[in-house]
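Worksheet: the structure to be examined is printed underneath.
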Amino acid sequence: MEFELIATDPETGARAGLLHTAHGTIETPIFMPVGTVGSVKAVMQEQLKQDVKAQIILGNTYHLYLRPGTEILEKAGGLHKFNGWDKPILTDSGGYQVFSLSANRKLKEEGALFQSHIDGSRHLFTPESVMDIQRSIGADIVMAFDECTPYPCEYNDAKKSMEMTHRWLARCFQRFNETEPKYGYEQSLFPIVQGSTYKDLRIQSAEFAASMEADGNAIGGLSVGEPEQDMYEMCELVTGILPKTKPRYLMGVGTPWNILECIGLGVDMFDCVMPTRNGRNGMLFTTEGVINIKNKRWADDFSPIDAGLDGGSSNTYTKAYLRHLFAAQEILGLQLASLQNLSFYLHLVKEARKHIIAGDYGKWRREQMEIVKRRL
Ligand code: PRF
């Protein structure tokens with residue numbers, strides 16, 4: 001995998017790049033729609049390509065391991081063949097999901113023991129097993145097995161957790177380098193920086209991640225309830241240490257304004273369930289601001305869902321119609337809202353990239369901040 005830096009914004013430190021993978025080139029900064037079980041909820045692959053213009057999607061090791069399982073994924077020839085998405089895929093390692101979803105989890109040096117949220121069956125994830133599972137899934141980018149600390153977290157707990165994440169990271173690289181890709185194309189392993197909201201831990205963790213000389217690096221443990229300012233501060237500290245020549249991925253972030261802010265701190269990749277999950281609840285992110293489509297005020301608004309996006313279903317359908325679909329609990333409502341929000345997120349990062357290349361990202365961001373935070 002190769003990362004080409006195209007431009008750096010003089011005012012903010014935002015970067016525009018090209019990330020070349022076996023399944024195509026990704027223009028950064030980029031937002032990656034979340035497809036937990038191998039499917040971006042309510043959105044078909046054709047729409048992801050044509051409407052949303054997604055360049056890479058995410059899958060979760062935890063979910064895919066439990067269902068359909070590695071045997072089926074291997075028989076299919078990997079996740080790309082299984083789900084019909086022929087562009088890049090990134091898989092999260094399961095570390096985060098074991099802690100947020102499974103029952104009775106127990107953490108040991110060896111790994112994490114947990115019970116499936118589906119049927120209660122018992123499983124052990126280790127850094128080694130998680131690397132093997134991600135070889136079977138066949139994502140272009142695979143993530144290290146880490147522990148994401150909750151917020152708030154005592155200093156000593158954060159330190160112990162980070163140190164174990166580092167020992168797990170070394171084991172991940174060991175296993176990853178001992179094994180071969182299963183489907184004939186290259187995969188890249190990204191380390192994950194932890195350290196909660198403690199500066200010295202974040203510095204230590206970023207230096208440890210950087211020492212792996214990986215194809216890219218991720219920042220975890222943020223957007224877990226800490227004040228936004230703390231997230232930005234940790235993010236800035238870490239991007240200052242991670243190598244400039246490799247992409248930086250901020251995991252599970254965030255709102256449109258979080259993304260604009262963190263692009264300015266030198267982050268290149270983002271993922272978040274917010275556009276799809278909030279969309280299914282009727283919250284729309286648009287080029288004019290945030291709207292709740294269930295609100296009465298849209299009942300006779302026959303303007304497009306978002307005239308500011310070029311082409312796609314957000315130009316075709318009206319706000320009044322989408323509100324009606326939500327009121328009638330029609331499946332199409334969930335689809336159109338998901339499409340709108342994902343299209344908007346991808347539009348936002350594309351515009352950001354244009355302005356980074358033009359050299360006026362700082363000025364553009366100040367104008368956009370007002371708009372994306374506006375509640376209509
Ligand atoms: N670790 C992993 N996945 C994640 C996170 C993390 O810390 C986060 C935190 N925002 C989201 N997804 N492996």
Side-chain angles (χ1 to χ4, degrees), residues 31-37 56-65 89-102 105 107 111-112 114 125-127 129-131 133-134 137 139 141-153 157-158 160-169 171-173 176 188-198 201-202 205-206 208-209 212 214 216-228 230-235 237-239 242 248-255 258-259 261-262 265 267 269-277:
F31 179 80
M32 308 181 280
V34 177
T36 299
V37 305
I56 171 172
I57 62 172
L58 214 98
N60 279 120
T61 300
Y62 171 85
H63 295 82
L64 291 166
Y65 159 81
I89 298 177
L90 179 151
T91 41
D92 197 357
S93 55
Y96 187 69
Q97 284 74 31
V98 164
F99 294 100
S100 57
L101 294 174
S102 69
R105 60 218 164 244
L107 207 64
F114 63 94
F125 268 179
T126 66
S129 74
V130 162
M131 291 301 104
I133 298 165
Q134 291 186 97
I137 296 171
I141 301 173
V142 311
M143 301 307 298
F145 190 54
D146 64 329
E147 189 194 7
C148 174
T149 45
Y151 181 85
C153 183
D157 295 337
K160 271 193 205 137
S161 167
M162 180 199 75
E163 286 165 353
M164 192 171 64
T165 287
H166 291 178
R167 290 190 297 274
W168 283 0
L169 178 58
R171 285 167 58 190
C172 283
F173 270 95
F176 189 73
S188 292
L189 170 61
F190 284 20
I192 303 173
V193 173
Q194 291 289 346
S196 187
T197 49
Y198 302 102
L201 299 184
R202 284 283 168 184
S205 193
F208 191 75
M212 296 288 132
N217 296 282
I219 310 171
L222 293 176
S223 200
V224 291
E226 76 284 4
E228 282 187 344
D230 289 7
M231 168 167 82
Y232 298 150
E233 200 182 322
M234 294 303 125
C235 200
L237 189 64
V238 169
T239 55
L242 294 176
R248 293 89 170 250
Y249 162 32
L250 180 55
M251 308 188 79
V253 174
T255 60
N258 290 158
I259 290 174
E261 190 69 38
C262 294
L265 301 175
V267 174
M269 304 162 73
F270 300 87
D271 81 284
C272 193
V273 295
M274 186 172 271
T276 37
R277 182 176 295 164

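Note that ligands are numbered from 1 as they come in the structure, with each ligand's atoms numbered from 1 the same way. The first residue in the sequence is number 1, and the count goes up from there.
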What protein heavy atom lies closest to [atom]? Include the residue and the distance to one decimal.
atom: atom 10 (N) of ligand 1; value: Leu222 O, 2.6 Å
atom: atom 5 (C) of ligand 1; value: Tyr96 CD1, 3.6 Å
atom: atom 3 (N) of ligand 1; value: Asp92 OD2, 2.6 Å
atom: atom 1 (N) of ligand 1; value: Asp146 OD2, 2.7 Å

What atoms of ligand 1 come within less than 4.0 Å of a heavy atom belonging to [X]?
X: Cys148; answer: 6 (C), 7 (O)
X: Ser93; answer: 13 (N)
X: Gly220; answer: 6 (C), 7 (O)
X: Ile192; answer: 13 (N)

For Met32, run the side-chain contact (heavy atoms from CB on, under 4.5 Å) check against Ile57, Ile141, Leu90 and tell me which one passes.
Leu90
[X] side chain vs [Y] backbone, donor-acceptor pair below 3.5 Å:
X: Thr239; Y: Val267; result: no
X: Gln134; Y: Met143; result: yes
X: Thr91; Y: Asn60; result: no
X: Ser161; Y: Asp157; result: no
X: Ser205; Y: Gln194; result: yes

Taking atom CZ of Arg277 as the centre, does the number of heavy atoms from other residues, nucleotides or ligands within less than 6.0 Å exceed 12?
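No, the 6.0 Å shell around CZ holds no more than 12 heavy atoms from other groups.
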Do any nitrogen or oxygen atoms of [X] come within less than 3.5 Å of a nitrogen or oxygen of ligand 1?
X: Gly221; answer: yes
X: Gln194; answer: yes
X: Met251; answer: yes

Please report the C-alpha distance between Phe99 and Leu107 in whole Å, then the side-chain angles of each, then the deciding distance to 0.1 Å, and finally whether the side chain to side chain contact (heavy atoms under 4.5 Å, CB included) criterion is met.
CA-CA 10 Å; Phe99 294 100; Leu107 207 64; 3.1 Å; yes
